[in-house]
Amino acid sequence: MKTTTLLLLLLFLVNSSSAETFIPYTPDSLKKGDWVEIESVHYYPYVAPGIEEKVPWRAENIRRVIFKATVTDLNERTLTLDYTFKSLYDCRNDTGKPGFYYFDSRYQQDFTFDHEMVGKRFLRVTYDRESQKAHTLDRQETTFSYSKNYVPFGVRQAGLSAYPGTTIQDSLPLDKQLAPAVQDILTGWQEDGMPRLAQNMRVIDASFSLPPNTEFTCSYVNFDLSDDSTVHKKIFIAYPTEHKVGERVTLLLTPGDSITQDKELFATTHKRRYQGRGSEQNNFQYSYRRFADLYESDLYMYPSDLESPDKMKKAFQLRKSLFQNVLAKDFKNMDPYWQMVFERSEQYLKGALALHLYMYASDKEVWHKSGLVDWQAPYFVSVNPLIDFAYSMHRPEVANYFYFLNVYTMYKKQELKADNLNLKTQKAKEKYLLNPADDYYLNKHILSGFPKYQVNGMNLQFLIHDKTLAETQEDYNDFIRSCPDTSLTNQLRRAYDKLLPFEAGKNIRESGLKIADSLHLVKGSDRKYILLFLSTREQGLPAPSLQNALDFKKRLESEGLASIVQLELYSKFQSNNAKRVKPFKAISDLQIEELRRKELGTVTILMREDGTILHRQFTNWQFDPSPALEIIQNDLKREDESFNDFLKGFKEGVLGTLLIAAQGEREAKEGT
């Protein structure tokens, strides 16, 4: 009995120790190198429509300044903090004209301001560790000067760019702005581990854990719905955020939320329902997918039904009525920030669809007369992508804002090529295509601020999947160097690192793909080739892929290369088509799972028989062997470097022997 009790007690202790615990940080815990980021917010008196409360994460009529305080020295008696200026965002509506004055220090090339101040120490403060009061201040240059550009509402006049023609100068005394926080940062430190600062100032990040301010309980978060996988977490967030929980669930969280999922309802109906503060926006996104999910939208799913402007108008009117009714009836208590998010998302969806269908329409005059592509239409003039990234959701399935940005840049580039306004034919599409470098730099001229980096980041992700890393290296380096948004650069870095093992010259054995073990690679064999194609397409093998494979086999035979090129082609297809789909093979579930886990999608790799990669592509859903033949033929013409080295050494050795022999013979003659 005692043994059982001890085992149960031990098990309880083990389980308890594995639970998440928060240990508050105190001023006495601070060590050299620790830092906190402080945000100071100023609300301009005119409040923009939609957001009536003073919330620090709104994008209109607000000035947000972020400072960083770093521990640079400490001893038994004193602690020194260096204060640096990190960023400033300033957006104020103009009451006299339809637009706003805008500045964001993160996008240096788009604005005029004192670049030297960003990241520079302007204040050093030494505190008494016992009283926690400041007693020594060392001020540097503290005035930050900047220029705000006037930006009209809407997206038409000069694209999404800033408007340098109208600016106003402004300046900010950083030391006065930060003075309340400097005095309170240690004396106002609470027992929960959060420094409490003056009104409209708050700590938003730190090198140590900040006390949780948001809580949620969520169940069935993985793809395997037979697994309960209930997750309960308490986290700290500074702003509204999309928080990924498990493999399937993304929660929309606001600081202060406390959300609990109805676990029993999901177990019986597979419907997600939440209770508690913050439940409204989450119930909206999971209960009304037509408004919260781009790919399930009735407008997006059936755009062919909207090719008539009249049909699109009716669809817009019906959808707007349904949307407003849902918000007023079921979600009237939704947080105003998230309500703005969904409203803006609707506007961007409509604007993107109107532009998209207009660009591909054969009769553009009908669309002009309809007013749907009028830049004074509500969904164009009531949004501004320069600031609306603050109200955008980033998941691909809900990213209407990013969908609009991509369509808009396509439209603007089409405008620049006036001879190609109709993209309905494949020939016209090919004519429009730009080389990667031109496309990248043209986007930089069309857009500014966050939209520019978002579009070019997505553009580069596509290019590095479709082209080699070497071909896009210059543009990749430029983006990593110039983009101030780490969420975008980190996303691109991850994609780059994921593709690096498949770069030309690498060996597929180093890629980690399990199928490499089944390819019968032959070490030292570099005059035979393997063309590998892996497709995870749920719809099965596309007919053009089969035809391409059969045509390629015939081409190899006609070129006398059939014996040296091995096709390893895997896809999904119906079992009764097994004979017809040769030379394809059925792809295994393990291979599909591996490709999904590695986020590779469709894979095409041409390699030598020893595994050396010559060419790869990850974007085309169909099997397209068109570049492979030329690459193989060129590779066969290459000189064998190792053999050439041998010949060179052999020749040098023979020549050296002959020279020595000749020298010896000459010396022998001279001796006689």
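We use all heavy atoms of the structure for the numbers below, so side chains are in, but hydrogens, waters and symmetry mates are not. None of the values given here were measured: they were computed from a predicted structure. Heads up: numbering here begins at 1 and tracks the sequence.
Taking CG from Asn456 and CG from Leu460, the interatomic distance works out to 6.0 Å, rounded to the nearest 0.5 Å. Atoms CG and CG, from Asn333 and Leu327 in turn, are 11.5 Å apart once rounded to the nearest 0.5 Å. Atom CG of Leu386 is separated from atom CG of Leu447 by 10.0 Å, given to the nearest 0.5 angstrom. Atoms CG and OG, on Leu88 and Ser105 in that order, are 6.0 Å from each other to the nearest 0.5 Å. A distance of 6.5 Å separates CG of Leu372 from CE of Met312, quoted to the nearest 0.5 Å. Note that CG of Asp28 is 6.0 Å distant from CZ of Arg129, once rounded to the nearest 0.5 Å.
Distance alone, capped at 3.5 Å, places no donor-acceptor pair between the Thr241 side chain and the Leu253 backbone. In this structure, the side chain of Asp82 does not engage the main chain of Thr70 through any donor-acceptor pair within 3.5 Å. Asn384 places a side-chain N or O within 3.5 Å of a backbone atom of Pro152 that can act as its donor or acceptor partner. In terms of modelled atom types and a separation under 3.5 Å, the side chain of Thr409 and the main chain of Leu405 share a donor-acceptor contact. The backbone N or O of His368 sits nowhere less than 3.5 Å from a side-chain atom of Tyr358 that would complete a donor-acceptor pair. In terms of modelled atom types and a separation under 3.5 Å, the side chain of Lys498 and the main chain of Glu599 share a donor-acceptor contact. Using a distance-only test at 3.5 Å, with no hydrogens or angles considered, no donor-acceptor pair links the side chain of Gln281 to the main chain of Tyr337. For the pair Ser297 (side chain) and Leu294 (backbone), a donor-acceptor distance under 3.5 Å is absent. Judged by distance alone, with hydrogens and angles left aside, the side-chain atoms of Asp128 form a donor-acceptor pair with the main-chain N or O of Ser131 at under 3.5 Å. Using a distance-only test at 3.5 Å, with no hydrogens or angles considered, a donor-acceptor pair links the side chain of Tyr408 to the main chain of Val155.
No side-chain heavy atom of Leu172 sits less than 4.5 Å from a side-chain heavy atom of Phe85. In this structure, Lys148 and Phe100 have side chains that are not in contact, with every pair of non-hydrogen atoms separated by 4.5 Å or more. In this structure, the side chains of His243 and Ile237 stay at 4.5 Å or more apart for every pair of heavy atoms. Between Phe216 and Asp257, the closest side-chain pair of non-hydrogen atoms is not below 4.5 Å. Put simply, the side chain of Tyr44 does not reach to within 4.5 Å of the side chain of Asn93, judged on heavy atoms. Inter-residue side-chain proximity for Thr166 and Tyr101 is flagged as met; some heavy-atom pair is nearer than 4.5 Å. Phe402 has its side chain out of reach of Pro396: every pair of non-hydrogen atoms, C-beta onward, lies at least 4.5 Å apart. By the 4.5 Å heavy-atom criterion applied to side chains, Leu252 and Met393 are counted as neighbours.
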Worked verdict on Leu178 versus Phe67 for side-chain contact (heavy atoms from CB on, under 4.5 Å):
CA-CA 8 Å; Leu178 191 59; Phe67 303 95; 3.5 Å; yes

Kindly indicate, with the supporting measurements, whether the criterion side chain to side chain donor-acceptor pair (under 3.5 Å) is fulfilled by Thr126 and Thr80.
CA-CA 4 Å; Thr126 301; Thr80 301; 3.3 Å; yes

Kindly indicate, with the supporting measurements, whether the criterion side-chain contact (heavy atoms from CB on, under 4.5 Å) is fulfilled by Tyr348 and Tyr403.
CA-CA 8 Å; Tyr348 279 112; Tyr403 173 36; over 6 Å; no

Passes side chain to side chain donor-acceptor pair (under 3.5 Å), Thr486 versus Thr489? Steps please.
CA-CA 5 Å; Thr486 55; Thr489 53; 5.4 Å; no

Could you walk me through whether Val383 and Arg344 pass the side-chain contact (heavy atoms from CB on, under 4.5 Å) test, one step at a time?
CA-CA 7 Å; Val383 299; Arg344 290 286 166 91; 4.0 Å; yes

Working for side-chain contact (heavy atoms from CB on, under 4.5 Å), residues Glu242 and Leu251
CA-CA 6 Å; Glu242 296 169 79; Leu251 291 177; over 6 Å; no

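Closest approach of Leu355 and Phe380 over heavy atoms only: CG-CZ, 4.1 Å. In this structure, Val407 and Ala352 approach most closely via the heavy-atom pair CG1-O, 3.7 Å. Of all heavy-atom pairs between Asp114 and Thr143, the closest is OD2-O, 4.2 Å. Nearest heavy atom pair, residue Pro240 against residue Pro255, reads N-CD, 3.9 Å. Nearest heavy-atom pair across Leu492 and Gly457 is CD1-O, 4.2 Å. Lys32 and Thr72 get closest at one heavy-atom pair: CE-O, 3.1 Å.
Evaluated for a side-chain contact (heavy atoms from CB on, under 4.5 Å) with Tyr391, the options Gln339, Arg58, Glu343 yield exactly one hit, Arg58. Under the ring-ring contact (aromatic ring centres under 6.0 Å, His included) test applied with Phe208, the options Phe236, Tyr25, Trp35 reduce to a single match, Tyr25. Of the candidates Tyr150, Phe111, Phe450, Phe153, Phe111 is the only one forming a ring-ring contact (aromatic ring centres under 6.0 Å, His included) with Tyr102. Test Gln491, Gln473, Gln461 against Tyr496 for side-chain hydrogen bond (donor to acceptor under 3.5 Å, both in side chains) and you get one pass: Gln473. Considering Phe342, Trp338, Tyr274 as possible partners of Phe284, the one that fulfils the ring-ring contact (aromatic ring centres under 6.0 Å, His included) test is Phe342.
Heavy-atom neighbours of Lys133 NZ from other residues, nucleotides or ligands within 6.0 Å: at or below the threshold of 12. Heavy atoms of other residues, nucleotides or ligands lying less than 6.0 angstrom from NZ of Lys86 number 12 at most.
Taking the ring centre of Tyr89 as origin, the terminal cationic atom of Arg64 falls inside the region bounded by 6.0 Å and 45° from the ring axis. Cation-pi contact between Arg319 and Tyr288: absent, since separation from the ring centre below 6.0 Å together with deviation from the ring axis within 45° is not met.
Centroid-to-centroid, the aromatic rings of Tyr379 and Phe316 come within less than 6.0 Å. Centroid-to-centroid, the aromatic rings of Trp375 and Tyr411 come within less than 6.0 Å.
At a threshold of 4.0 Å, the pair Asp497-Arg494 does not count as salt-bridged, since none of the basic side-chain nitrogens sits closer than that to a carboxylate oxygen. Using a 4.0 Å cut-off between a side-chain N of Lys or Arg and a carboxylate O of Asp or Glu, Arg202 and Glu39 qualify as a salt bridge.
Side chains of Tyr146 and Asp90: a donor-acceptor N/O pair is present below 3.5 angstrom, by distance only.
With sequence neighbours excluded, the residues satisfying salt bridge (charged side-chain N to carboxylate O under 4.0 Å, His left out) with Asp192 are Arg196.
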